[in-house]
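Only one structure is covered here, and it is reproduced in the block below.
In the text below, chain A, chain B and the rest are named by the order of the sequence lines, each starting its count at 1.
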2 protein chains.
Amino acid sequence: MPYRSIPRMVIKRLPLYLRILDNLIKRDVEIVSSRSLSEITGFSAEQIRKDFAYFGAFGTRGSGYNTEYLRERILTIIGLNRQTSVIIVGMGHLGTAISRYNIAKNPYINIVGLFDRDPQVIGQKIFDLEVKDAKQLKDFITEAKIKVAIVTVPAECAQEVVDELAEGGVTAILNMAPVRLQVPKGVHIHYADLTIEIHSLIYYSSETERDIEELEAL
Amino acid sequence: MPYRSIPRMVIKRLPLYLRILDNLIKRDVEIVSSRSLSEITGFSAEQIRKDFAYFGAFGTRGSGYNTEYLRERILTIIGLNRQTSVIIVGMGHLGTAISRYNIAKNPYINIVGLFDRDPQVIGQKIFDLEVKDAKQLKDFITEAKIKVAIVTVPAECAQEVVDELAEGGVTAILNMAPVRLQVPKGVHIHYADLTIEIHSLIYYSSETERDIEELEAL
DNA sequence: CTGTGTGAAGGAGTTCACAGCG
DNA sequence: CGCTGTGAACTCCTTCACACAG
């Protein structure tokens, strides 16, 4: 099965399909059509079919897709078929929230390490995990062969932390600090920058007004 | 000044330019080239110039762009030239983190309301804001003419909250709950779904292995 | 000679239209 | 018929190449 390079945009959508399938399977739904997935996701039905076609045709014409099989397929593509170990660096408000949040409960993800450099925070327990000293970070990720990390430290420390992660063998980083960072080739960094999200959202909050201006200009 | 419809992708990049300009101006940098912005952002210099061209040419050939003027221009486009009032609904870990986080400190954003329906949480103070009862939500947004809201309630309640927001006149919503929601036409919803971010990141964490497989297949 | 501004080319992603199977 | 699978058309975004201004 040659995974012929799946477009970036498709990869972005897969985790959403995955979650929906999880819900459907929980409700014992065995077959789902691209049409109903379209209603749930807001993506067009054709697009959904195209997305699925990237990893091999397997729908049943006339009825739809087998939910279990589809989920298996998506899990394999993403690489979630075995639980992935993830660490969080930075146990401020945001890091703490994430470690207690849905992510920590997601069946495909296993949060195995929490780090901070504040002595006040080190040693605190979150669920069954104790916050470790950031000094142990590099050893930990090397030994445990951690590949995925979430960075929730202040902007000033983020580059430093990311450098260490990269040296320790981490290949995928979710950076929540409001800075753009340098990473060596082969390391992937994604930005989840809430301030930026809000700012671009604010543009749309007054779009209606802008639309009216535009209409009037015609 | 006719804002001839600025492409979606450009809007996404503007807030990042804005932040960088803020930093440059703080360091008394008066001129910046597309080249150096390219190094900071990772976007190509041509793209940056094109982005700026969408809201009128104003760089000085040979030297670069005036940081102050550029910032003013971007603020106007996004609609941040006057502070925007934002509310947060759902004061769980995530909502609390956000209300204490950078967003709360951003000079262009003013968090003016926090809501929850848990009596234990109502009345708590975060900075100088008291958490209000979610029952007051609709009245509050109507009176204060709130246009932008962040939703950090559990997935099960999110649709309900969003319906209320839309009825109360909110036109832009950042949903952090792990569900896709229905909104009436004219209301914009953005999703900041950390679980999905992590999942798609995990795909890339083993991309190197995948690349090798692909190379071997040739 | 540096750095902006921009048409033209190229690439990526989405929608259309319809063929084909159950 | 209903729903999948997919080339072709289209739209949107990015990169290239180069003219031009300070």
Between CZ of A:R13 and C1' of C:dG13 the distance, given in whole Å, is 8 Å

- request: Would you tell me if any nitrogen or oxygen in the side chain of A:S34 comes within less than 4.0 Å of OP1 or OP2 on D:dT4?
  value: yes

With A:D51 as partner, the option from A:K12, A:R73, A:R13 fulfilling salt bridge (charged side-chain N to carboxylate O under 4.0 Å, His left out) is A:R13

Among the nucleotides D:dA17, D:dT6, D:dG22, whichever has the atom closest to the side chain of B:T60 is D:dG22

When rounded to whole Å, the OH to C1' distance for the pair A:Y54 and D:dG7 reads 12 Å

Winner on side-chain proximity to B:R61, out of C:dG3, C:dG22, C:dT6, is C:dG3

Q. With the threshold set at 4.0 Å, does a side-chain nitrogen-carboxylate oxygen contact exist between B:R71 and B:E68?
A. yes

Regarding the side chain of B:E46, the nearest nucleotide among D:dT4, D:dC13, D:dC16 is D:dC16

The bend of the helix from C:dC1-D:dG22 to C:dG22-D:dC1, taken between the axes of its five terminal pairs at each end and rounded to 10°, is 0°

task = Determine whether A:H188 and B:S205 make a side-chain contact, defined as any pair of heavy atoms from C-beta on separated by less than 4.5 Å.
result = no

With the side chain defined as heavy atoms from C-beta on, B:S33 is closest, among C:dT4, C:dT14, D:dT4, to C:dT4

Between CD of B:Q47 and C1' of C:dG3 the distance, given in whole Å, is 17 Å

>> If you count heavy atoms of other groups shown closer than 6.0 angstrom to CD of B:E39, is the number above 12?
In response: yes

Looking only at D:dA21, C:dC21, C:dG13, the nucleotide nearest the A:M9 side chain is C:dG13

Closest to the side chain of A:K50, out of C:dC21, D:dA8, C:dG13, is D:dA8

Between A:R8 and A:G62, the residue closer to the 5' end of DNA chain C by nearest nucleotide is A:R8

The answer to which of A:V10 and A:R49 contacts DNA chain C further toward the 5' end, by nearest nucleotide, is A:V10

Exercise. Would you tell me if any nitrogen or oxygen in the side chain of B:S44 comes within less than 4.0 Å of OP1 or OP2 on D:dT15?
Key: yes

Separation of C:dG3 atom P from B:E39 atom CD, nearest Å, is 11 Å

The side chain to side chain contact (heavy atoms under 4.5 Å, CB included) partners of A:R117 (sequence neighbours excluded) come to A:A134, A:C157, A:E160

To the nearest angstrom, the CZ-P distance between A:F43 and C:dG13 comes to 14 Å

Heavy-atom check, side chain of A:Y17 versus side chain of A:F43, under 4.5 Å:
yes

In whole angstroms, the gap separating P of C:dA12 from NZ of A:K12 amounts to 15 Å

task: Answer yes or no: is there a side-chain heavy-atom contact under 4.5 Å between A:T76 and A:I74?
output: no

**OP:** Check whether any side-chain heavy atom of B:P184 lies under 4.5 Å from a side-chain heavy atom of B:E167, and answer yes or no.
**Re:** no

Report yes if a side-chain nitrogen or oxygen of A:Y65 is closer than 4.0 Å to either non-bridging phosphate oxygen (OP1 or OP2) of D:dG5; otherwise report no. yes

A:D51 CG to C:dA12 P, in whole Å, measures 16 Å

Whole-Å distance, B:N66 CG to D:dG22 C1', equals 16 Å

